[in-house]
Peer 1: 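Got a structure here, written out as structure tokens. Questions coming.
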Amino acid sequence: QVQLVESGGGLVQAGGSLRLSCTASGRTFSSSIMGWFRQAPGKEREFVSAIRWRSGGIDYADFAKGRFTISGDNGKNAVYLQMNSLKPEDTAVYYCGASLSRGGGRSQDEYAYWGQGTQVTVSS
């Protein structure tokens, strides 16, 4: 069984920064993509960023460009999300996922494994 565990969430003031981490444990597997999604109260889960190990390609949602940076370690199935210049609208539960597919990483359907989520709250 594969488990993804996120950490690094918390309460921060607008303009502040947080670094989220996601590490895998359990059964050994080789992911093709790892990504971050978020879900705000009353809203659907949305794509934030993904990294594709084979090509090294990185993708960001428009709201994340210029503020968020994804990085990771393929060998460890670990992924990180550095979030700067945070805004109140970034408040959400952030989830990491691991995909075994060869898609782009923007769709939740591509992901086989998910973490339990970490809460990010940005105060104004």
Side-chain angles (χ1 to χ4, degrees):
Q1 187 174 359
V2 173
Q3 291 183 326
L4 300 181
V5 180
E6 302 100 333
S7 62
L11 174 64
V12 64
Q13 290 187 335
S17 299
L18 285 173
R19 186 174 186 261
L20 306 183
S21 299
C22 173
T23 56
S25 63
R27 181 174 60 86
T28 301
F29 71 104
S30 295
S31 62
S32 57
I33 303 168
M34 291 193 75
W36 290 95
F37 287 71
R38 72 183 187 182
Q39 187 168 18
K43 295 186 177 181
E44 294 186 351
R45 190 176 297 191
E46 64 179 347
F47 171 76
V48 177
S49 181
I51 184 167
R52 297 181 289 277
W53 300 125
R54 181 182 295 269
S55 65
I58 289 176
D59 201 10
Y60 294 101
D62 286 344
F63 63 79
K65 292 178 181 177
R67 299 191 300 128
F68 295 1
T69 302
I70 192 171
S71 61
D73 186 329
N74 185 12
K76 296 180 179 180
N77 282 315
V79 66
Y80 313 99
L81 187 68
Q82 177 67 42
M83 303 188 296
N84 299 328
S85 302
L86 284 162
K87 305 175 182 180
E89 50 263 44
D90 294 318
T91 295
V93 177
Y94 284 71
Y95 298 89
C96 77
S99 170
L100 309 180
S101 76
R102 295 191 176 186
R106 281 184 166 264
S107 172
Q108 298 181 58
D109 294 341
E110 299 177 54
Y111 291 81
Y113 306 111
W114 291 96
Q116 81 290 347
T118 185
Q119 176 70 48
V120 171
T121 303
V122 184
S123 63
S124 58

Peer 1: Whether the side chain of Gln3 engages the backbone of Gly115 through a donor-acceptor N/O pair (distance < 3.5 Å, no angle test) should be reported.
Peer 2: no

Peer 1: Tell me whether Arg27 at atom CZ has more than 12 heavy atoms from other residues, nucleotides or ligands lying less than 6.0 Å away.
Peer 2: yes

Peer 1: Have Tyr94 and Arg45 got a donor and an acceptor in their side chains that come within less than 3.5 Å?
Peer 2: no

Peer 1: Is the backbone of Val122 close enough, under 3.5 Å, to the side chain of Gln13 for a donor and an acceptor to pair up by distance?
Peer 2: no

Peer 1: Quick one: does Glu6's side chain have a donor or acceptor within less than 3.5 Å of a partner on Gly117's backbone?
Peer 2: yes

Peer 1: Stepwise, does the side chain to side chain contact (heavy atoms under 4.5 Å, CB included) test hold for Ser71 with Tyr80?
Peer 2: CA-CA 5 Å; Ser71 61; Tyr80 313 99; 3.7 Å; yes

Peer 1: Would Trp36 end up clustered with Ile58 when hydrophobic side chains under 4.5 Å apart are linked, directly or stepwise?
Peer 2: yes

Peer 1: Indicate whether the side chain of Ser32 and that of Trp53 have a donor and an acceptor atom separated by less than 3.5 Å.
Peer 2: no

Peer 1: Start with the C-alpha distance between Asp90 and Met83, add both sets of side-chain angles, then the distance that settles side chain to side chain contact (heavy atoms under 4.5 Å, CB included), and finish with yes or no.
Peer 2: CA-CA 10 Å; Asp90 294 318; Met83 303 188 296; over 6 Å; no

Peer 1: Is it the case that one hydrophobic cluster holds both Leu11 and Leu81, taking links as side-chain heavy atoms less than 4.5 Å apart, direct or via other members?
Peer 2: no

Peer 1: Could you grab the distance from atom CE of Met34 to atom OG of Ser49, nearest 0.5 Å is fine?
Peer 2: 12.0 Å

Peer 1: For the pair Glu110 (side chain) and Gly105 (backbone), establish whether a donor and an acceptor sit closer than 3.5 Å, ignoring hydrogens and angles.
Peer 2: yes

Peer 1: Donor-acceptor pair, Arg38 side chain versus Val48 backbone, under 3.5 Å?
Peer 2: no

Peer 1: Verify side chain to side chain contact (heavy atoms under 4.5 Å, CB included) between Ser21 and Arg19, making sure each step is shown before the conclusion.
Peer 2: CA-CA 7 Å; Ser21 299; Arg19 186 174 186 261; 3.9 Å; yes

Peer 1: What is the minimum heavy-atom distance between Ala78 and Thr23, and which atoms define it?
Peer 2: CB-CG2, 4.1 Å

Peer 1: With sequence neighbours excluded, tell me which residues meet ring pair (Phe, Tyr, Trp, His ring centres under 6.0 Å) with Tyr95.
Peer 2: none

Peer 1: Determine the minimum heavy-atom distance between Ala98 and Leu4, stating which atoms define it.
Peer 2: N-CD1, 3.7 Å

Peer 1: Mind checking the CG-CG spacing from Leu18 to Leu86? Nearest 0.5 Å is all I need.
Peer 2: 5.5 Å

Peer 1: Calculate, to the nearest 0.5 Å, the distance between atoms CZ and CG belonging to Phe68 and Asn84 respectively.
Peer 2: 8.5 Å

Peer 1: Using the rule given for side chain to side chain contact (heavy atoms under 4.5 Å, CB included), can you reason through Trp114 versus Gln108, listing the C-alpha separation, both sets of side-chain angles and the distance that settles it, and then say yes or no?
Peer 2: CA-CA 10 Å; Trp114 291 96; Gln108 298 181 58; 4.0 Å; yes

Peer 1: For the pair Arg106 (side chain) and Tyr60 (backbone), establish whether a donor and an acceptor sit closer than 3.5 Å, ignoring hydrogens and angles.
Peer 2: yes

Peer 1: Taking only residues two or more places apart in sequence or in another chain, which ones pass side-chain contact (heavy atoms from CB on, under 4.5 Å) with Gln119?
Peer 2: Thr91, Val93, Thr121

Peer 1: If hydrophobic clusters are built from ILVMFWY residues whose side chains come within less than 4.5 Å, do Ile70 and Ile33 share one?
Peer 2: no

Peer 1: How long is the gap from CZ on Arg54 to OG on Ser30, to the nearest 0.5 Å?
Peer 2: 10.5 Å

